[in-house]
Amino acid sequence: MEFFERFAVPNPNPAIYASMVAIVVVSLAIIIGLTYFKKWGYLWREWLTTVDHKKIGMMYLISALLMLFRGGVDALMLRAQLSMPDNKLLDPQHYNEVFSTHGIVMIIFMAMPFIFAFMNLIVPLQIGARDVAFPRLNAISFWLFAAGAMLFNISFVIGGSPDAGWTSYFPLAGTEFSESVGTNYYMIAIQISGIGSLMTGINMITTILKMRAPGMTLMKMPMFTWASFMACVIIIFAFPVLTIALLMGTTDRLFATNFFTTTNGGMDMLWANFFWVWGHPEVYILILPAFGIYSEVISTFSGRNLYGYKSMVGSMVIISLLSFLVWTHHFFTMGQGALTNSIFSISTMAIAVPTGVKIFNWLLTMWKGKIRFTVPMLYSVGFIPLFTIGGVTGVMLAMSAADYQYHNTMFLVAHFHNTIIPGVVFAMLAGLTYYWPKMFGFMLNERIGKWGFWFLSIGFVLAFFPMYITGLNGQARRMYTYSEATGFGPLNFVAFIGAGLMAIAFCLIVYNIFYSIKHSPRNVGDDPWNARSLEWATHNPVPEYNFARTPHVASSEAFWDAKKHGHELFKGEIEEIHMPNYSGVPFIMGVIFFICGFSFVFSLWIPAIVSLIGIFACMVLRSFEKDDGRLISVEEIKATESKFESAEEIKTAVSTYGGANS
Amino acid sequence: MKIDHTQPLEYSTQQNQLNIFGFWIFLGAEIMLFATLFTAYFIMENRTGNGPTGPEIFEIGPVLFETFILLTSSFTIGLAVHAMRIGRKKAMLAFLGVTLLLGVAFLSAEINEFVHYYHVGATYQTSGFTAALLTTLGTHGGHVTLGFFWGVCILIQVMKDGINARTANKSFIFSLYWHFLDVVWIFIFSFIYLKGLM
Ligand code: HEM
Ligand SMILES: [Cu+2]
């Protein structure tokens with residue numbers, strides 16, 4: 001029995017028991033459902049073993065949406081607890097656990113897979129490639145992410161959640177003050193998915209630099225590809241720092257080393273520095289691809305090419321450089337001297353300049369354009385003013401002297417949500433709607449989508465703007481309650497209502513998916529949005545080989561040129577296409593990594609070592625494997641292509657859809 | 001697989017070129033990894049708590065031995081790639097084998113070193129300094145260990161299949177990795193040992 005006691009939750013409450021039951025029920029339902037409908041084989045053949053960048057992208061997308069709900073439920077609990085003074089819904093310990101998991105789930109397991117989803121889905125299409133450079137590695141990246149996410153998500157029912165904040169500062173996160181295995185989960189789950197992210201970074205950089213279509217020079221790449229490229233460059237430089245920081249945190253907790261302790265020469269501030277040397281670039285890893293999506297959407301729905309292409313690229317390069325030079329702004333109050341603080345103040349404020357350049361470029365793209373207010377465009381238009389407010393409050397926080405007032409208050413919380421939600425989440429939803437037909441061949445319903453947008457935007461303003469005020473009045477972040485006398489009550493209640501509206505918005509968005517699966521007309525054709533860049537030059541949904549013939553490109557808007565200026569995209573005859581083979585090994589490696597991580601969390605050394613050997617065995621197997629992929633014959637390609645062409649004819653006969661083609 | 005005969009064998013297919021390029025990017029990430037470790041080490045260098053300091057535990061003899069061995073192995077892997085390029089399978093296998101043996105010699109010396117540290121009271125748990133030192137050395141040593149097994153896999157494949165586009169590509173990438181570990185060691189040697197001994 002003693003052995004099993006370690007798996008018990010240290011601070012149980014009815015909600016956690018209820019979740020345990022729910023998890024068991026849902027898992028059983030999935031297993032029974034798959035068996036009943038005889039879908040195991042399909043699942044394995046088509047999804048678990050896939051190396052196709054499009055399918056991997058879709059799996060990232062589904063995971064991101066699931067995690068959005070997990071993190072969203074956490075958020076609702078937090079806001080509900082704060083909705084009234086002296087509320088007793090959550091006790092302090094649970095409040096700690098909930099805000100910690102909320103932060104990590106949202107950043108690492110929601111936002112990251114969301115951007116990886118679009119990188120996977122869109123980048124190879126935008127550059128006219130067959131797949132990414134290393135399809136097998138790509139699958140491994142995904143399964144490592146999935147293993148990390150699963151590991152993190154079981155923490156609250158097995159052994160206890162992390163409770164030291166998403167920043168996990170030491171010494172609080174050390175064994176002395178965080179006794180439960182929660183923080184072990186933090187260290188190891190993020191480590192596993194972080195390795196996956198690094199691999200994706202390498203993969204995408206190689207893909208973008210080496211596999212572009214003929215004629216596509218660097219300065220003719222579509223903007224989303226540029227943005228993804230810069231984000232991946234940041235990944236290469238930032239993630240190894242996190243790897244080491246997490247490694248040290250893990251050994252501190254599991255082997256009692258003294259990296260971040262306060263005795264025997266340990267140095268707690270080393271963690272804070274390493275964390276933010278990764279952490280600040282991380283927020284730009286998220287925001288740059290989001291900027292990329294906005295660029296695509298805004299130019300498509302303004303009917304104009306992107307204004308200031310070169311300055312867009314230049315500003316992203318500068319942002320990427322600066323993002324590594326600002327990290328101490330996260331701890332101005334933690335004891336560096338005035339000189340250091342001043343330097344970092346200035347470098348932080350400097351980031352606002354290239355960001356401002358981008359904002360003006362988007363505005364000028366819309367200037368005199370024929371704007372179509374589709375759902376993706378609504379998100380993009382909403383993003384501009386809201387994100388600007390987030391940037392402005394960022395500059396306020398960047399003034400180190402003033403930050404002594406703002407730091408660790410709700411003002412900071414309002415700031416970063418103000419950048420991440422209109423910045424990243426809006427972009428992901430815009431991308432989801434915009435690229436939905438690319439993935440599935442039908443559109444999401446515009447009307448429900450617009451309802452979703454308005455609920456989300458209004459909810460967002462109601463949820464976060466009050467926090468600026470209560471923050472300035474001194475409401476501390478990460479505090480589970482406040483007294484009546486502070487007067488924070490009414491504004492926090494407003495914030496609760498806002499959170500509720502946002503929850504409704506997310507439900508609407510998912511409802512829209514189910515609704516559209518049922519009711520949307522199929523055969524929307526290859527160009528439902530009247531788009532501009534190369535990803536739209538192939539069919540919807542995209543055939544597995546992407547392009548039947550390799551496209552030839554002469555500008556960043558190759559597809560527009562082909563439509564309007566008679567540019568010849570596809571030259572020559574169809575040839576047979578080389579494709580990589582599917583493989584079950586990445587999935588199996590993910591499973592072993594999960595077991596390995598779990599064993600480390602609980603210091604179960606024998607399974608830990610066995611699973612490590614398993615991982616190496618997979619690598620050795622891979623080394624000896626001779627897999628040259630397979631060829632798709634010309635006949636097969638022609639057959640697939642003609643299917644799409646006949647569908648295209650039906651579509652032009654039936655008329656278009658939802659005003660999108662006006 | 002289209003093979004382009006104007007290129008050296010290891011670059012001769014498109015996938016081969018991608019592999020080499022991707023590996024360079026990976027090495028970029030590795031540089032960041034070790035840079036972080038070095039940063040931690042420099043910060044922790046004098047934070048020895050109640051434990052011993054660097055000069056008290058470093059011994060120049062074994063370190064010189066390790067350095068010599070690893071530098072030699074970098075030379076032999078270079079020879080192996082050269083032999084591969086001129087198509088001399090036996091010579092290539094011999095040099096690769098010597099490289100791996102030198103790797104083992106390096107590792108045993110390093111393990112010896114760790115045992116020595118343990119005996120003089122510089123364990124993993126002793127202080128911030130020992131933690132940073134052993135993690136930096138250990139990460140490098142771990143890379144060498146991995147490299148050893150990787151090298152064995154390649155050795156077997158060259159033995160079985162001879163020198164072809166696939167094995168040449170693997171061997172070349174392996175040589176990049178091995179040289180990289182050597183460069184890292186030079187930094188360890190200069191900035192950890194020599195600096196600590198001065
Ligand atoms: C004009 C651009 C920006 C400036 C000047 C800026 C400035 C700052 C400063 C000074 C802080 C620390 C405040 C404190 O702890 O007291 C901060 C926190 C934060 N920022 Fe920004 N920021 C900017 C843009 C962004 C963007 C684009 C994102 C995300 C996509 C972001 C995400 C965050 C996060 C997550 C935190 C809080 C982390 C925490 O302590 O938990 N910021 N920002
Ligand atoms: Cu920052």
Side-chain angles (χ1 to χ4, degrees), chain A residues 132-135 137 195 198-199 201-207 209-211 232-233 235-245 247-248 251-252 255-267 269-271 273-274 277-278 578 580 616 619-629 631, chain B residues 1-2 13-15 17-40 43-51 53 123-132 134-136 138-139 145-146 149-150 152-154 156-157 160-161 164-166 170 174:
Chain A
V132 293
F134 311 111
L137 187 68
I195 297 170
L198 186 63
M199 298 302 161
I202 295 172
N203 213 335
M204 286 291 158
I205 291 186
T206 313
T207 309
L209 289 183
K210 289 284 173 189
M211 297 172 73
C232 289
V233 172
I235 288 180
I236 299 298
F237 286 101
F239 266 79
V241 181
L242 179 72
T243 306
I244 293 299
L247 175 73
M248 292 173 168
T251 60
D252 263 16
F255 308 120
T257 53
N258 285 296
F259 285 108
F260 309 129
T261 58
T262 47
T263 50
N264 294 320
M267 190 195 209
M269 277 308 286
L270 187 62
W271 168 269
N273 276 281
F274 278 169
V277 168
W278 162 78
H578 177 251
F616 291 125
M619 288 157 75
V620 171
L621 265 178
R622 172 64 174 150
S623 176
F624 281 92
E625 188 180 339
K626 285 180 199 158
D627 176 5
D628 287 330
L631 291 173
Chain B
M1 285 286 132
K2 272 189 222 114
T13 69
Q14 204 215 355
Q15 191 62 46
Q17 293 174 13
L18 291 176
N19 291 350
I20 293 173
F21 187 84
F23 199 78
W24 276 109
I25 310 271
F26 171 72
L27 288 183
E30 289 272 66
I31 289 174
M32 279 308 294
L33 191 94
F34 281 102
T36 312
L37 283 169
F38 277 111
T39 311
I43 287 167
M44 295 300 206
E45 208 173 0
N46 298 314
R47 303 180 71 95
T48 49
N50 299 322
T53 62
T123 66
Y124 204 21
Q125 286 84 4
T126 307
S127 65
F129 160 70
T130 57
L134 295 174
T135 304
T136 311
T139 307
T145 315
L146 257 177
F149 288 108
W150 183 14
V152 171
C153 290
I154 292 175
I156 297 172
Q157 289 173 47
K160 280 197 340 211
D161 304 347
N164 58 27
R166 177 205 313 278
K170 287 185 181 188
F174 175 72

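Protein chains get the first letters and strands the later ones, always in sequence-line order, with residue 1 at the start of each.
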Checking the side chain of A/Thr257 only, and the main-chain atoms of B/Tyr124 only, is there a donor and an acceptor separated by less than 3.5 Å? no

So which part of A/Ile235 gets closer than 4.5 Å to some heavy atom of chain B, the side chain, the backbone, both or neither? neither

Using the test side chain to side chain contact (heavy atoms under 4.5 Å, CB included), find all partners of A/Leu137 that sit at least two apart in sequence or belong to another chain. A/Phe134, A/Met199, A/Asn203

Is there a side-chain contact between A/Trp271 and A/Asp252, using heavy atoms and a 4.5 Å cut-off? no

Contact class of A/Phe239 relative to chain B, heavy atoms under 4.5 angstrom: neither

Per-residue tally against chain A (heavy atom, under 4.5 Å) across B/Asn50, B/Val152, B/Thr135 peaks at B/Thr135

For B/Leu146, is it the side chain, the backbone, both or neither that has a heavy atom under 4.5 Å from a heavy atom of chain A? side chain

Go through the atoms of A/Ile236 and report whether side chain, backbone, both or neither lie under 4.5 Å from a heavy atom of chain B. both

Just wondering, more than 12 heavy atoms not from B/Phe38 lying within 6.0 Å of its CZ? yes

Under 4.5 Å heavy-atom distance to chain A, tell me which part of B/Ala35 shows up: side chain, backbone, both or neither. neither

Expected output: side-chain A/Asn264 to main-chain B/Gly128 donor-acceptor under 3.5 Å: no

Under a 3.5 Å cutoff, is there a donor and acceptor pairing between the side chains of B/Gln17 and A/Lys210? no

Is any side-chain heavy atom of B/Met44 closer than 4.5 Å to one of A/Leu270? yes

Max heavy-atom pair count under 4.5 Å with chain B, selected residue of A/Thr207, A/Leu242, A/Thr251: A/Thr251

Does any heavy atom of chain A fall under 4.5 Å from the side chain of B/Phe129, the backbone, both, or neither of them? neither

Need one label for B/Thr126: side chain, backbone, both or neither, based on atoms under 4.5 Å from any heavy atom in chain A. backbone

Chain A contact via B/Asn46 - side chain, backbone, both or neither, heavy atoms under 4.5 Å: neither

Residue part contacting chain B, namely of A/Thr243, when any heavy atom lies under 4.5 Å: side chain

Quick one: does any side-chain atom of A/Asn258 pair with a main-chain N or O of A/Gly265 as donor and acceptor, under 3.5 Å? no

Does any heavy atom of chain A fall under 4.5 Å from the side chain of B/Ile43, the backbone, both, or neither of them? side chain

